[in-house]
Engineer: 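After the structure tokens below, expect a handful of questions from me.
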There are 4 protein chains.
Amino acid sequence: MAPAPNPDLRNQRSHRAILDAALELAARDGYAKVTVEAIAAAAGVGKQTIYRWWPSKAAVILEALNDRTGPFSGVPDTGDIAADIAVAAQGVIEALGTGLGTIWRGLVADAQGDPRLAESLLNDFMEPRNKAWQDRLDKAVAAGELRADVPTRTMVELLFGPIYYRLLLGTDPLDPDNTTTRVDYLLNGLRPH
Amino acid sequence: MAPAPNPDLRNQRSHRAILDAALELAARDGYAKVTVEAIAAAAGVGKQTIYRWWPSKAAVILEALNDRTGPFSGVPDTGDIAADIAVAAQGVIEALGTGLGTIWRGLVADAQGDPRLAESLLNDFMEPRNKAWQDRLDKAVAAGELRADVPTRTMVELLFGPIYYRLLLGTDPLDPDNTTTRVDYLLNGLRPH
Amino acid sequence: MAPAPNPDLRNQRSHRAILDAALELAARDGYAKVTVEAIAAAAGVGKQTIYRWWPSKAAVILEALNDRTGPFSGVPDTGDIAADIAVAAQGVIEALGTGLGTIWRGLVADAQGDPRLAESLLNDFMEPRNKAWQDRLDKAVAAGELRADVPTRTMVELLFGPIYYRLLLGTDPLDPDNTTTRVDYLLNGLRPH
Amino acid sequence: MAPAPNPDLRNQRSHRAILDAALELAARDGYAKVTVEAIAAAAGVGKQTIYRWWPSKAAVILEALNDRTGPFSGVPDTGDIAADIAVAAQGVIEALGTGLGTIWRGLVADAQGDPRLAESLLNDFMEPRNKAWQDRLDKAVAAGELRADVPTRTMVELLFGPIYYRLLLGTDPLDPDNTTTRVDYLLNGLRPH
DNA sequence: TCGTAACCGAGACGGTACGTCACGTCTTCTG
DNA sequence: CAGAAGACGTGACGTACCGTCTCGGTTACGA
């Protein structure tokens, strides 16, 4: 049988130190240069202590990222769905433009070859945000601001997918200023009126 | 300074063998499991011969992928822009659903920590395809099928970005069948008429 | 600074296996053909484990040689210095005539381009033997068997230097039988009486 | 059949340039750091041109060394054999104390794992010198300065072997000043009179 | 209150792949 | 058409991290 360590016995001080060290190293040296050994050393912790609780450096950093960005809350709701989306898109662009964006990109990168990480990344990071937006969009649909025949899950993808895509591929720099225009394109469509 | 070997002296047989071996290994074992040593061995080539001409395994595989998918050509042009986009989207989804998609994802992953690779991936792989689509969309604009006030570069991103995004994040499986619907959403917008 | 691993934590089983493998490979394939990788493989050990404790293959083999020939003891002392030297010279010739001689020659060879190894070879291998002989010769001087005005360190060199020299240069095959004669030349001098 | 290049066709200019470059590089960077590629580059010559005429870098450097130190001549002959030996020993010590000594040591090192080189080193470099000394000692024997019952070949070994030995092992620094004393030890023997 | 069992730090271990170096051979182009 | 230039297959180098595995030392719970 697996030893199955008891999470209650987890040393709080170590846990914190690991998450803090992981995030600081990732921000300082770049995601790819972080190693489990370096995290352990920086946290003043044995390597085994990390492997006891996480399967990989990516898992540590994902939890650290989640821990830092905190429980996601902020879907704006002013009643004007277009404005709310634009503001939120600006927020995403700004957040991902910092070191956190680089870390997120590193996690996505590792997830390409690690299905378990991909699942965690989805469940623990992306989905809560998507879910909150689906709810906001549902409300907008109910208010008659958006088409009722488009699944809101699809809407979220169409609205935010291009931003994440550009961040990963780096086609062009992300500019928070023209989000309003882009939202207009999506809401009103690309056909002439 | 680097000695910068003369490309004219490159051995054609080795060059081919390397590209073929790289692609076959990547398809068989998965991008992440490929190593430069394995490529060299499979190609019957010295490791140094690879490092002489490419900076990394990713660069080899990128060239191999480009070499295999050949000179990009296929933007459909039936006169119906919506149908053309839908067909193309299906094509992308089908192409990336195979082993080639996994390879492409691996390249994007490596590019997150390797700016030079990111640049190559953009210039050598993505941009030619984007460019071809911009031309097709320009034509559609001229034909009055699309809004003239939206940069076609942006259109390409809005149309295909979500597909690539979903491929990388794996939010939901990609389904080639509903591309028509999705194109409709984008062309007509998410607002009620 | 180097991390300087703690020798107390050295794994005894690995240590032994490395020394044994090193000596066996050197004896079987010849000193020059031994590689660190081969030692590691033969010892069932990671290459890094060798590099953790020794700076080079030569250092491993030197320790292995020292370990095998054991703590040097045997300076004969029958009271007849001429006979004792002759016997010892025979011993040296016989010992170095075997595979061990080839190994020793390899170490001397490497030491020509590696001052640290040269120092180790001197301190750990040659000097203990020289020292023991100096003591024996001191006793002979006290007994009036040898000149008191010649430093015994120099004597050791004059007595054994030519043997080692011939081994290295291979001028003529070493013959254990005529050691007595050669000792006579050295003790009584090359001038006619 | 072996191609067996005709030595007459050997390009004189290249030959010279190779020998000169080899010796200069060896003197400047140390024997061990010299590579065939570096010699070729420094001589403005293709690598193949070196391999056509010599089997290894050691062979090149041996010929270069021989070429530089020129045809050996200098055995002093004043009629006083003790003085002549002392002067010659000083000469050896001085010569080998310079960069040439380092080169010679490198050659001896390589010869330990290369029987063909060992043979060349002996035949082309050591033996001529030994031979000349044997002749000088034969004369001294005839003059009654040295014992007639000791082979002069052995004498040469006893006289010079310890010097070469010390140079290779580096037991103590070589001092040209006390050669007279050392010759005295050897000629008069280590026993009290 | 005191075992005793788990967690902890430290870091050595067997591995895998890295990117570099030099070898000795082979090929191409040029003077 | 000889030879410089240098690409080639080969193989070992020494390094970096991986994820696992001892080691004592230190909690912290239950008898």
Side-chain angles (χ1 to χ4, degrees), chain A residues 3-11 13-15 17 33-38 40-41 43-57, chain B residues 3-15 17 33-41 43-57, chain C residues 3-15 17 33-41 43-53 55-57, chain D residues 5 9-11 13-14 17 33-38 40-41 43-52 54-57:
Chain A
N6 179 349
D8 296 351
L9 299 180
R10 191 199 277 247
N11 181 316
R13 184 194 305 284
S14 299
H15 192 195
K33 298 211 168 158
V34 177
T35 68
V36 175
E37 301 203 342
V45 141
K47 236 193 319 181
Q48 192 62 64
T49 300
I50 293 181
Y51 281 110
R52 183 152 29 235
W53 305 111
W54 294 274
S56 64
K57 108 179 174 186
Chain B
N6 180 352
D8 295 351
L9 300 179
R10 193 198 272 249
N11 180 313
Q12 291 305 315
R13 183 193 305 286
S14 300
H15 190 192
K33 298 211 169 157
V34 178
T35 68
V36 174
E37 299 198 338
I39 296 174
V45 140
K47 221 181 349 168
Q48 193 60 60
T49 299
I50 294 181
Y51 282 111
R52 189 164 12 244
W53 302 111
W54 294 276
S56 64
K57 106 178 175 187
Chain C
N6 180 351
D8 294 352
L9 299 179
R10 193 198 270 250
N11 182 313
Q12 291 305 314
R13 184 193 305 285
S14 300
H15 191 191
K33 297 211 169 157
V34 178
T35 67
V36 174
E37 299 199 337
I39 296 174
V45 140
K47 222 182 345 170
Q48 193 62 58
T49 299
I50 294 181
Y51 283 110
R52 188 161 18 242
W53 303 111
S56 62
K57 107 178 175 187
Chain D
L9 298 179
R10 190 198 277 246
N11 182 315
R13 185 195 303 286
S14 297
K33 298 211 168 159
V34 177
T35 68
V36 174
E37 301 202 342
V45 142
K47 238 191 321 179
Q48 194 60 62
T49 301
I50 293 181
Y51 281 110
R52 189 164 8 246
W54 294 275
S56 64
K57 107 179 173 185

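Predicted, not measured: the structure shown is a model, and the values here were computed from it. In what follows, every chain begins at residue 1, and chains take the letters A, B, ... in the order their sequences are listed.
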Engineer: Below 4.5 Å, heavy atoms only, C-beta onward: do B/W53 and B/R10 meet side chain to side chain?
Structural biologist: yes
Engineer: Grab the two heavy atoms, one from C/V36 and one from C/I50, that are nearest each other, plus how far apart they are.
Structural biologist: O-CD1, 3.9 Å
Engineer: Mind checking what makes side chain to side chain donor-acceptor pair (under 3.5 Å) contact with A/Q48, not counting sequence neighbours?
Structural biologist: none
Engineer: Measure from CD1 on C/I50 to P on E/dA12 and round the result to the nearest Å.
Structural biologist: 16 Å
Engineer: Taking all non-hydrogen atoms of both residues, which atom of C/A43 and which atom of C/A17 are closest, and how far apart?
Structural biologist: CB-O, 3.5 Å
Engineer: Nearest nucleotide by nearest heavy atom, which residue falls closer to the 5' end of DNA chain F, B/N11 or A/Y51?
Structural biologist: B/N11
Engineer: Nearest-nucleotide wise, let me know which of C/V36 and D/E37 is further upstream toward the 5' end of DNA chain F.
Structural biologist: D/E37
Engineer: Distance check needed: F/dG9 P versus B/H15 NE2, whole Å only.
Structural biologist: 13 Å
Engineer: Nearest whole Å is fine: how far is F/dC8 C1' from B/Q12 CD?
Structural biologist: 14 Å
Engineer: Quick one: on DNA chain E, does B/L9 or B/V34 contact a more 5' nucleotide (nearest heavy atom)?
Structural biologist: B/V34
Engineer: Just call it for A/S56: base, sugar-phosphate, or nothing, with non-hydrogen atoms closer than 4.0 Å on any strand.
Structural biologist: nothing
Engineer: Would you say D/T49 places a side-chain N or O within less than 4.0 Å of OP1 or OP2 belonging to F/dA4?
Structural biologist: yes
Engineer: Atom CH2 of A/W54 and atom P of F/dC18: how far apart are they, to the nearest Å?
Structural biologist: 15 Å
Engineer: Considering every strand and a 4.0 Å limit on heavy-atom distances, what is the contact class for B/D8: base, sugar-phosphate, or nothing?
Structural biologist: nothing
Engineer: Does D/T35 place a side-chain N or O at less than 4.0 Å from the phosphate oxygens OP1/OP2 of E/dC21?
Structural biologist: no
Engineer: May I have the distance from D/K47 (atom NZ) to F/dA4 (atom P), rounded to whole angstrom?
Structural biologist: 14 Å
Engineer: Below 4.0 angstrom from OP1 or OP2 of E/dC8, is there any side-chain N or O of A/R52?
Structural biologist: yes
Engineer: Give a yes/no answer on whether the side chain of A/S14 brings an N or O atom under 4.0 Å of OP1 or OP2 in E/dG9.
Structural biologist: yes
Engineer: Provide, to the nearest angstrom, the distance between the CD1 atom belonging to C/I39 and the C1' atom belonging to F/dG14.
Structural biologist: 14 Å
Engineer: Looking only at heavy atoms, which two atoms of C/K57 and C/V34 are closest? And how far apart?
Structural biologist: NZ-O, 3.1 Å
Engineer: In whole Å, what is the span from the CD atom of A/Q48 to the P atom of F/dC18?
Structural biologist: 13 Å
Engineer: The side chain of B/N6 is closest to which nucleotide in this list: F/dC13, E/dC18, F/dA7?
Structural biologist: F/dA7
Engineer: At less than 4.0 Å, is any side-chain N or O atom of B/W53 found next to OP1 or OP2 of F/dG6? Yes or no.
Structural biologist: no
